[in-house]
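The chains referred to below are lettered A, B, ... by the order of the sequence lines, with proteins before strands, and numbering in each begins at 1.
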Amino acid sequence: MIVNMGPHHPSMHGVLRLIVTLDGEDVIDCEPILGYLHRGMEKIAENRTIIQYLPYVTRWDYLATMFTEAITVNGPEQLGNIQVPKRASYIRVIMLELSRIASHLLWLGPFMADIGAQTPFFYIFREREFIYDLFEAATERVEGVGVVDVKEVINWGLSGPMLRASGIQWDLRKVDNYECYEEFHWEVQWQKEGDSLARYLVRIGEMVESIKIIQQALEGLPGGPYENLEIRCFDREKEPEWNEFEYRFISKKSSPSFELPKQELYVRIEAPKGELGIFIIGDQNGFPWRWKIHPPGFINLQILPQLVKRMKLADIMTILGSIDIIMGEVDR
Amino acid sequence: MQGPLSAWLVKHGLVHRSLGFDYQGIETLQIKSEDWHSIAVILYVYGYNYLRSQCAYDVAPGGLLASVYHLTRIESGIDQPEEVCIKVYVPRKNPRIPSIFWVWKSADFQERESYDMLGISYENHPRLKRILMPESWIGWPLRKDYIAPNFYEIQDAY
């Protein structure tokens, strides 16, 4: 029996197709079919100088990228008899061995997952993070990238961590005093620089503050009812009587619905991504006349073209990640 | 009844109409479409530096369209910021409002969304094209008289 193990696999090996000949459970033959990720790297190399070709090489083995760059550089060096200074050689060795550890760690995760142990998959990423930190210090990825000025931030209407990372202490939980946030002791996290590192620090700080708030809330939880049983604001339509034409014998009874008064209101809340707001215009029945959602991701995304001007291509992902958008709320 | 901002505008002789207060006590003003750009600049100079939200809605089927702007002042560490809500009403046949992108840049995507959903075209907006619907879509989805094309529901006969 000939079975095809198609190009997509549950583990992270990439796109590889295997045509396996089986006899029951025994494997007789296996034919790998390659080429699903062929990008013509060798043909491209014939028309690029070495410096121009370096961005391509990181895309060969994308988990141990330093090795690909090392070999791209070693080749012409040895061909042209260029001497490498000792210090450079030592630095290269340090980076290469760190990259080797990173690659082996990332092999270990899916290997264990293939065998059946799912948890090490997550632990390896934690270990890899330490190596990423060292690489980041050497190549300076997050600091100084995507800087927004204070006046620009206000003018563009940003909110949430983007606002607080540029030096403005504006947190709707402190400003609006909704729910019962004023009964807890907590600080607004803010930074001055306005780059991606500042946004990162603001978000990490907010997580710590949230833990403090949760602990205080759990200690001070008051007794009493949790439903407001006095509210009677039902929808005006009366249920039909049992002997009227409209009465439905078989379908379920509709639940009483809340009637919205004929007012309009803009409510807002400090969501993790920024200021989430709803502008409701009520009509005198259960359905709102207009329900406008003000999503933080939609507003924060407006500044992206300005932030990425004059930055490198690889910084786009850093900046986009630090803006923290989620397309569900951007598109609605 | 007039709020403090309305009184200030009257003192400076700017044409507007006060629409009272909304449910939370936020002052609401109505501005005419021709005056909107100049009053927007005046409000920016007055101190409202943050356009919180720009929304548009359909007042009545066959009636006017409204464009709503919520403005507030952001400063570090203040309680109870001042807020104001501005409404601009336009007729349904030719809905044109001056864009305030050049005053508050956060109106960029929001005005495009109002254009996309209700058909209000904002003059002097740098790239006024559809943002959420596909660019070749015809019709303004959030108007109350919009008919969704090719939309059939199976109804049970009573």
Side-chain angles (χ1 to χ4, degrees), chain A residues 150-159 163-164 166-172 174-177 182 188 190 245-246 248 251 260-268 275-283 288-306 330-332, chain B residues 19-26 28 44 48-61 65-66 68-81 83 85 87 100-114 117-118 126-127 131-133 142-144 156 158:
Chain A
V150 165
K151 291 210 178 48
E152 288 283 320
V153 159
I154 301 183
N155 205 289
W156 277 99
L158 306 182
S159 52
L163 194 60
R164 290 196 278 284
S166 293
I168 306 172
Q169 302 172 29
W170 178 270
D171 191 329
L172 282 174
K174 287 262 190 224
V175 167
D176 267 347
N177 285 333
E182 63 257 18
V188 174
W190 64 286
F245 181 66
E246 289 278 317
R248 302 226 184 170
S251 65
L260 298 169
K262 207 172 169 67
Q263 302 270 2
E264 58 192 41
L265 189 56
Y266 179 70
V267 283
R268 56 236 180 202
E275 176 189 323
L276 177 63
I278 302 282
F279 178 67
I280 319 177
I281 302 181
D283 229 358
W289 183 253
R290 175 75 165 107
W291 175 277
K292 153 84 179 156
I293 311 169
H294 172 277
F298 191 63
I299 311 294
N300 288 351
L301 194 54
Q302 292 176 104
I303 204 175
L304 186 67
Q306 178 175 326
V330 171
D331 279 337
R332 285 158 279 136
Chain B
L19 291 175
F21 296 87
D22 80 345
Y23 204 56
Q24 246 181 2
I26 299 177
T28 314
Y44 182 72
Y48 288 106
N49 54 3
Y50 191 68
L51 172 71
R52 187 167 238 165
S53 153
Q54 189 277 325
C55 135
Y57 69 96
D58 197 346
V59 179
L65 301 173
V68 183
Y69 303 81
H70 288 270
L71 304 167
T72 178
R73 180 208 301 263
I74 280 208
E75 263 170 22
S76 282
I78 53 171
D79 247 349
Q80 308 299 334
E83 299 184 47
C85 170
K87 289 197 188 182
I100 49 159
F101 169 74
W102 303 105
V103 185
W104 294 285
K105 290 212 188 61
S106 87
D108 186 8
F109 278 16
Q110 305 190 70
E111 285 182 347
R112 274 177 70 181
E113 188 198 344
S114 303
M117 290 285 132
L118 279 133
R127 331 155 245 284
I131 184 169
L132 295 174
M133 302 302 287
L142 271 175
R143 289 198 184 176
K144 294 288 173 183
D156 285 328
Y158 280 88

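Residues B:Tyr50 and A:Ile154 come closest through the heavy atom pair CD1-O, 3.5 Å. Minimum interatomic distance between A:Trp170 and B:Arg52 (heavy atoms only, all atoms of both residues): CZ2-NH2, 3.9 Å. Pairing each heavy atom of B:Ser106 with each of A:Gln302, the nearest pair is O-OE1, 3.2 Å. Taking each heavy atom of A:Arg290 and B:Ala56 in turn, the nearest pair found is NE-O, 2.7 Å. Contact between B:Phe109 and A:Phe298 at its shortest, heavy atoms only, is CD2-O, 3.5 Å.
With a threshold of 4.5 angstrom between heavy atoms, B:Arg73 approaches chain A through N, CA, C or O but not through any side-chain atom. For a residue to count as touching a neighbouring chain, one of its non-hydrogen atoms must lie under 4.5 Å from one of that chain's; by this rule A:Arg268 touches chain B with the side chain only. Both the backbone and the side chain of B:Gln110 have a heavy atom closer than 4.5 Å to some heavy atom of chain A. With a 4.5 angstrom heavy-atom cutoff, B:Ala60 touches chain A only via backbone atoms. When heavy atoms are compared at a cutoff of 4.5 Å, A:Trp190 does not approach chain B at all. Residue contact with chain A, scored on non-hydrogen atoms closer than 4.5 Å, involves the side chain of B:Val68 exclusively. When heavy atoms are compared at a cutoff of 4.5 Å, A:Val330 approaches chain B solely by way of its backbone atoms N, CA, C and O. In this structure, chain B has no heavy atom under 4.5 Å from any part of A:Ile293. Both the backbone and the side chain of B:Ile74 come within contact range of chain A, with heavy atoms under 4.5 Å apart.
At least one donor-acceptor pair under 3.5 Å links the side chain of B:Lys144 to the backbone N or O of A:Trp289. Of the possible donor and acceptor atoms, none in the side chain of B:Tyr57 sits under 3.5 Å from a partner among the backbone N and O of A:Trp291.
Between the CD atom of A:Glu275 and the OG1 atom of B:Thr72 there is a distance of 9.0 Å, given to the nearest 0.5 Å.
Chain A forms the most heavy-atom pairs under 4.5 Å with one residue out of B:Leu51, B:Val59, B:Leu142, and that residue is B:Val59. Of the listed residues (A:Leu158, A:Val188, A:Val267), the one with the most heavy-atom contacts under 4.5 Å to chain B is A:Leu158.
Ring planes of B:His70 and A:Tyr266: parallel class, angle under 30° (limits at 30 and 60°).
Taking 4.5 Å as the limit, every side-chain heavy atom of A:Lys292 sits out of range of all side-chain heavy atoms of B:Met117. Between A:Ile303 and B:Lys105 the shortest side-chain heavy-atom distance does not fall below 4.5 Å.
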